[in-house]
Amino acid sequence: MTDTYWGLPDPDTQADFYADVPTKRFLAWVVDVVLIALISLVLVPFTLFTALFYFPALYLVVGFAYRTLTIARGSATPGMRLTAIELRDRDGKRFDLSTAFFHTAGYTIAMTVFPLQLISMGLMVATPRAQGLVDHVLGTAALNRAAAH
């Protein structure tokens, strides 16, 4: 498979970059969901407990900020760092703030429209670069960090 516009590793000749990425993304997602929930719970007393009435909205805002800022800072959330994966753009570069924002926005939309998330999960399992729906739209991919070094 030869993609002239991709700066990402070729999945046929450099398969180690994509090995077990869907499983690692799921594990990273679980870690991140727990961390976002904990951060959201810590913030509740600072709202004089009124956040209990709008906790899902607080969780959504905290999650969006958490994902955008951590991905912009190191091209990975803490969960992704724990599972040794990182996101790269179509040129093979780490995410900047705008790419992190758009990736997080796409993820958030896919999570709120469940059929889109199902499609995304299916794509991660079925495509050579293990890309989700948002990755396909943006031309990004998650890579094994160990293979990158």
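In what follows, every heavy atom counts, from backbone to side chain, and hydrogens, waters and symmetry copies are set aside.
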*asked:* Nearest 0.5 Å, please: how far is CE in Met80 from OG1 in Thr70?
replied: 7.5 Å

_Sidechain-backbone polar pair: Arg129 side chain, Pro11 backbone, donor-acceptor under 3.5 Å_ = no

*Using the rule that two of Ile, Leu, Val, Met, Phe, Trp, Tyr join whenever any of their side-chain heavy atoms come within less than 4.5 Å, decide whether Leu133 and Leu118 are in one cluster.*
no

*Evaluate the side chain to side chain contact (heavy atoms under 4.5 Å, CB included) criterion for residues Tyr107 and Thr68: first the C-alpha distance (whole Å), next the side-chain angles of each, then the deciding distance (0.1 Å), finally the verdict.*
CA-CA 11 Å; Tyr107 162 81; Thr68 300; over 6 Å; no

*Using modelled atom types only, decide if a donor and an acceptor are shared between the side chain of Thr127 and the backbone of Met124 within a distance under 3.5 Å.*
no

*List the atom of Arg90, the atom of Leu138, and the distance in Å for their closest heavy-atom pair.*
NH2-O, 3.8 Å

*Side chains of Val31 and Leu27: closer than 4.5 Å at any heavy-atom pair?*
no

*With a 4.5 Å limit on heavy-atom distance, are the side chains of Tyr18 and Leu143 in contact?*
yes

*Is there a donor-acceptor pair under 3.5 Å between the side chain of Asp32 and the backbone N or O of Arg67?*
no

*Val61-Phe64 co-clustered via ILVMFWY side chain contacts under 4.5 Å*: no

_Could you report the tightest heavy-atom contact between Ser75 and Arg94, atom names first, then the distance?_
OG-CA, 3.5 Å

_Non-hydrogen side-chain atoms of Tyr54 and Leu60 separated by less than 4.5 Å_ = no

_Leu48 with Leu41, same ILVMFWY side-chain cluster at under 4.5 Å_ = no

*Should Asn144 and Lys24 count as side-chain neighbours, where that means a heavy-atom distance under 4.5 Å?*
yes

*Any side-chain heavy atom of Arg25 within less than 4.5 Å of one from Val21?*
yes

_Considering all heavy atoms, the nearest Gly132-Leu123 contact_ = C-CD1, 4.3 Å

*In terms of hydrophobic clusters joined by side-chain contacts under 4.5 Å, are Leu38 and Leu52 together?*
no

_Let me confirm one number: the NE2-CD1 distance from His103 to Ile71, rounded to the nearest 0.5 Å._
6.5 Å

*Could you state the interatomic distance from CZ (Phe17) to CZ (Arg88), rounded to the nearest 0.5 Å?*
8.5 Å

*Answer yes or no: does atom CZ of Phe55 have more than 12 heavy-atom neighbours from other residues, nucleotides or ligands under 6.0 Å?*
yes

*Shortest non-hydrogen contact from Ala51 to Thr47?*
N-OG1, 3.0 Å

_For the backbone of Ile36 and the side chain of Ser40, can you confirm whether one donor and one acceptor N or O come within less than 3.5 Å of each other?_
yes

_Is it true that Thr99 and Asp89 share a donor-acceptor pair across their side chains at a distance under 3.5 Å?_
no

*Spell out, yes or no, whether Val30 and Ile39 are grouped together once hydrophobic residues are joined by side-chain heavy atoms under 4.5 Å, including indirect joins.*
yes

*asked:* Does Phe101, at its CZ atom, have more than 12 non-hydrogen atoms belonging to other residues, nucleotides or ligands within less than 6.0 Å?
replied: no

*Quick one: pull up OG1 in Thr83 and CZ in Arg145 and give me the separation to the nearest 0.5 Å.*
8.0 Å

_What I'd like to find out is whether the side chain of Ile109 reaches to under 4.5 Å of the side chain of Val134, using heavy atoms alone._
no

*For the student: nearest non-hydrogen atoms of Gly92 and Leu8, plus distance*: CA-CD2, 4.1 Å

*Looking at Thr140 and Gln131, what are the two nearest heavy atoms and their distance?*
O-NE2, 2.7 Å

*Calculate, to the nearest 0.5 Å, the distance between atoms CZ and CZ belonging to Phe95 and Phe102 respectively.*
12.0 Å

